[in-house]
Amino acid sequence: MTENEKIHTILKYISENYKHGIVDTDEIANELDMTLSEVNNLARKIIRNGDAKDGGSNDSTTLAKGAISLLQTVSTNDAYLTKKYLNKTKSVKNKSIPLIWKWIFSIVGTLAAIATIYQVIFSK
């Protein structure tokens with residue numbers, strides 16, 4: 001599973017199980033069978049992208065677990081429902097395909113030009 005697919009799975013879990021509440025990453029890690037450090041890193045990315053807010057990990061039990069609290073927002077649900085992170089994965093793949101074709105046509109065109117020059121020079 002790619003990083004963006006994992007983020008989408010986290011957003012799905014939050015959106016389907018919470019109504020604008022706070023969830024700790026240790027709960028997400030347990031429910032989605034991921035490591036806490038992996039979920040923490042993905043949660044930080046979600047927060048940086050504005051798709052959730054830091055839920056204020058000042059609670060002593062949250063800190064003791066090494067977890068981060070995520071505050072679900074409207075952006076959390078929007079990112080999940082629009083498949084924001086899945087669309088990012090697809091768009092990267094789709095952009096690379098035309099680039100490959102561009103290189104292939106450039107190489108084929110170069111070979112055709114060399115063949116033409118070769119015929120002109122050695123056809124006498």
Side-chain angles (χ1 to χ4, degrees):
M1 188 181 303
T2 67
E3 182 177 275
N4 284 344
E5 290 170 333
K6 289 177 183 179
I7 290 174
H8 182 75
T9 303
I10 290 169
L11 293 173
K12 177 181 180 182
Y13 177 78
I14 295 169
S15 295
E16 291 181 352
N17 293 296
Y18 291 88
K19 300 280 186 206
H20 299 288
I22 294 175
V23 59
D24 290 343
T25 53
D26 65 315
E27 176 185 335
I28 296 169
N30 288 334
E31 289 295 321
L32 300 180
D33 196 31
M34 298 166 76
T35 65
L36 179 58
S37 61
E38 182 178 27
V39 175
N40 282 344
N41 288 329
L42 295 172
R44 287 183 191 100
K45 185 171 184 177
I46 291 168
I47 292 168
R48 267 194 316 273
N49 291 341
D51 296 319
K53 292 188 178 183
D54 186 337
S57 304
N58 298 331
D59 183 290
S60 60
T61 55
T62 302
L63 290 173
K65 295 185 283 188
I68 296 172
S69 294
L70 285 174
L71 173 63
Q72 180 189 17
T73 65
V74 172
S75 296
T76 309
N77 297 329
D78 290 345
Y80 164 62
L81 293 173
T82 61
K83 300 179 182 180
K84 175 181 177 178
Y85 291 89
L86 296 181
N87 292 336
K88 282 185 179 182
T89 303
K90 289 178 185 173
S91 67
V92 170
K93 289 179 184 175
N94 290 339
K95 287 180 184 176
S96 63
I97 290 172
L99 184 61
I100 292 169
W101 282 108
K102 181 179 177 181
W103 278 101
I104 290 171
F105 286 124
S106 296
I107 292 168
V108 169
T110 303
L111 292 174
I114 291 169
T116 304
I117 293 169
Y118 180 80
Q119 275 184 332
V120 169
I121 292 174
F122 295 106
S123 67
K124 294 181 181 182

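Start at 1 with the first residue, then count along the sequence.
For T25 against A43, the heavy-atom pair with the smallest separation is CG2-CB, 3.7 Å. A pairwise comparison of heavy atoms in Y85 and I46 identifies OH-CA, 4.3 Å as the closest pair.
Between the CG atom in D26 and the OG atom in S69 there is a gap of 8.5 Å [rounded to 0.5 Å]. Distance CD1/I104 to NZ/K102: 13.5 Å, rounded to 0.5 Å. In this structure, CD1 in I14 is found 9.5 Å from CD in E27, a value given to the nearest 0.5 Å.
Only one option out of H8, Q72, E16 pairs with Y80 in a side-chain hydrogen bond (donor to acceptor under 3.5 Å, both in side chains); it is E16.
At a threshold of 4.5 Å between non-hydrogen side-chain atoms, the residues L32 and V39 do not count as touching.
Legend: residues meeting side chain to side chain donor-acceptor pair (under 3.5 Å) with S75, ordered by chain and number and at least two apart, are absent. Under the rule for a side-chain contact (heavy atoms from CB on, under 4.5 Å), the partners of E3 that lie at least two apart in sequence or sit in another chain are I7, L42, K45. In this structure, N30 has no side chain to side chain donor-acceptor pair (under 3.5 Å) partners at least two apart in sequence or on a different chain. Taking K12 as the reference, nothing meets the side chain to side chain donor-acceptor pair (under 3.5 Å) condition, with sequence neighbours excluded. Applying the salt bridge (charged side-chain N to carboxylate O under 4.0 Å, His left out) criterion to E31, with sequence neighbours excluded, gives no partner residue.
If you chain together ILVMFWY residues whose side-chain heavy atoms come under 4.5 Å of each other, L111 ends up grouped with I107.
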| task | Take R44 and I68 through the test side chain to side chain contact (heavy atoms under 4.5 Å, CB included) and record every step on the way to the result. | result | CA-CA 8 Å; R44 287 183 191 100; I68 296 172; 3.7 Å; yes

| For L70 and I28, what are the C-alpha separation, side-chain angles and deciding distance, and is it a side chain to side chain contact (heavy atoms under 4.5 Å, CB included)? | CA-CA 10 Å; L70 285 174; I28 296 169; 4.1 Å; yes

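A continuous path of Ile, Leu, Val, Met, Phe, Trp and Tyr side chains, each step under 4.5 Å between heavy atoms, connects M34 with V23, placing both in one hydrophobic cluster.
Of the possible polar contacts, one joining the E5 side chain to the T2 backbone as a donor-acceptor pair under 3.5 Å is found. Of the possible donor and acceptor atoms, none in the side chain of D54 sits under 3.5 Å from a partner among the backbone N and O of I47.
Side-chain atoms of T76 and D51 form no donor-acceptor pair, as typed in the model, at a separation below 3.5 Å.
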